[in-house]
2 protein chains.
Amino acid sequence: MTKRLAIGDLARQTGTKVNTIRFYEEIGLLPEALRTASGRRTYDTADLRRLAFIRHARQLGFSIPEIRSLLALSDQPDRDCAEAAAIAREHLHDIGIRIARLETLRSALTDVATSCEGGRVAECRVIEAIAGTELAL
Amino acid sequence: MTKRLAIGDLARQTGTKVNTIRFYEEIGLLPEALRTASGRRTYDTADLRRLAFIRHARQLGFSIPEIRSLLALSDQPDRDCAEAAAIAREHLHDIGIRIARLETLRSALTDVATSCEGGRVAECRVIEAIAGTELAL
DNA sequence: TATACAATCTCCAGTCACTGGAGGATCAAG
DNA sequence: CTTGATCCTCCAGTGACTGGAGATTGTATA
């Protein structure tokens with residue numbers, strides 16, 4: 001059998017706190033882990049991937065309900081197709097906005113970094129870059 | 001004089017709760033608002049932009065310390081240029097990763113949405129898309 | 001085999017970033 | 001001059017963790 005991972009290994013490989021992994025199990029984001037005879041949790045690479053997904057999604061600003069909905073797309077491949085597509089499309093809209101804002105912010109920061117390289121004071125449009133995406137002006 | 005905004009106007013125009021605006025003032029993310037004779041806070045369009053920036057940045061997953069550091073780039077245009085450029089470059093690295101992950105997620109979701117359109121069951125690679133960006137495999 | 005020390009367990013209290021409500025003052029319309 | 005919306009301060013509650021106490025187990029070394 002391929003070797004199972006201890007909770008500490010999973011934590012190290014995903015940059016997650018051990019307590020946080022137990023917390024995700026408690027709220028049902030991760031399945032209940034298999035236990036050794038003495039009661040310690042063990043994991044496999046599917047758990048590793050799932051946890052990595054959760055962590056990255058959190059860093060991208062997705063809430064836990066949103067992550068649940070994204071995971072559901074993976075968990076139930078045989079689910080109602082139209083429903084899955086609708087969920088995917090909702091997220092797609094949101095993700096498009098996030099990408100656009102990040103790209104605007106990136107170009108503002110690039111301006112700061114490069115105009116500083118020349119020794120001049122940066123014209124700092126950081127706020128303008130990301131503030132105004134959908135405000136008039 | 002151009003008309004000043006009430007806290008409720010600011011809240012409506014940025015999709016922020018009134019209490020949250022007061023909270024941002026308390027922790028120094030927003031400057032102390034000017035008050036009317038009776039003690040009500042008033043704002044201008046600079047405050048509006050700053051708050052919109054803060055809210056968007058939060059939705060993108062930036063922590064409040066990170067937002068402070070981004071705002072500092074705007075707040076101190078005459079600050080040490082090399083320092084500002086260094087801060088900008090740190091954020092640029094992080095933002096590149098975020099954009100890449102969002103784009104991978106977007107293409108996974110697009111697959112779900114379009115393969116469902118054909119009436120077939122989606123091959124759901126949502127987790128794989130975003131889980132594995134820097135894990136070996 | 002003994003022992004020490006790292007990792008795990010459960011349970012519970014604390015933190016960060018809000019969110020909502022009580023109780024009271026103020027403003028704008030009718 | 002009343003009525004309802006909006007504002008004020010203060011404080012308690014929520015979501016998503018984070019850290020610590022106290023006890024148990026696993027493993028590496030003497």
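Computation of the quantities below employed the complete heavy-atom set of this structure, encompassing side-chain atoms and omitting hydrogens, waters and symmetry-equivalent molecules. Lettering follows sequence order; numbering is per chain, from 1.
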Atom-pair distance ([atom1] on [X]; [atom2] on [N]), nearest Å:
{"X": "A/K17", "N": "D/dG20", "atom1": "NZ", "atom2": "C1'", "value": "13 Å"}
{"X": "B/E26", "N": "C/dA17", "atom1": "CD", "atom2": "C1'", "value": "12 Å"}
{"X": "A/E25", "N": "D/dT18", "atom1": "CD", "atom2": "P", "value": "17 Å"}
{"X": "B/F23", "N": "C/dG20", "atom1": "CZ", "atom2": "P", "value": "14 Å"}
{"X": "B/I21", "N": "C/dG20", "atom1": "CD1", "atom2": "C1'", "value": "15 Å"}

With nearest nucleotides of DNA chain C determined for B/L29 and B/A37 from heavy-atom distances, which residue corresponds to the more 5′ nucleotide?
B/L29
Summary of protein contacts for nucleotides 4-16 of chain C, nucleotide by nucleotide, where a base hit scores B, a sugar-phosphate-only hit scores S (4.0 Å, heavy atoms)
---BSSB------
Set of residues satisfying side-chain contact (heavy atoms from CB on, under 4.5 Å) with respect to B/I87, sequence neighbours excluded:
B/S69, B/L73, B/H91
Any residue meeting side-chain contact (heavy atoms from CB on, under 4.5 Å) with A/R58, in chain and number order, not counting sequence neighbours:
A/Y24, A/I54, A/R55, A/I64, A/I67
Partners meeting side-chain hydrogen bond (donor to acceptor under 3.5 Å, both in side chains) with A/T20 (sequence neighbours left out)
none
Using modelled atom types and a 3.5 Å cut-off, is there a donor and acceptor pairing between side-chain atoms of A/D44 and backbone atoms of A/D47?
yes
Under 4.0 Å between a side-chain N or O of B/R68 and OP1 or OP2 of C/dA17?
no
Below 4.0 Å: OP1/OP2 of C/dC18 and any side-chain N or O of B/Y24
yes
Hey, could you give me each pair passing salt bridge (charged side-chain N to carboxylate O under 4.0 Å, His left out) that has a residue in residues 23-39 of chain A? Not counting sequence neighbours.
A/E25-A/R41
Salt bridge (charged side-chain N to carboxylate O under 4.0 Å, His left out): which pairs involve residues 5-19 of chain B, sequence neighbours left out?
B/D9-B/R12
Heavy-atom nearest nucleotide on DNA chain D taken for A/T36 and for A/T20; more 5' hit belongs to A/T20
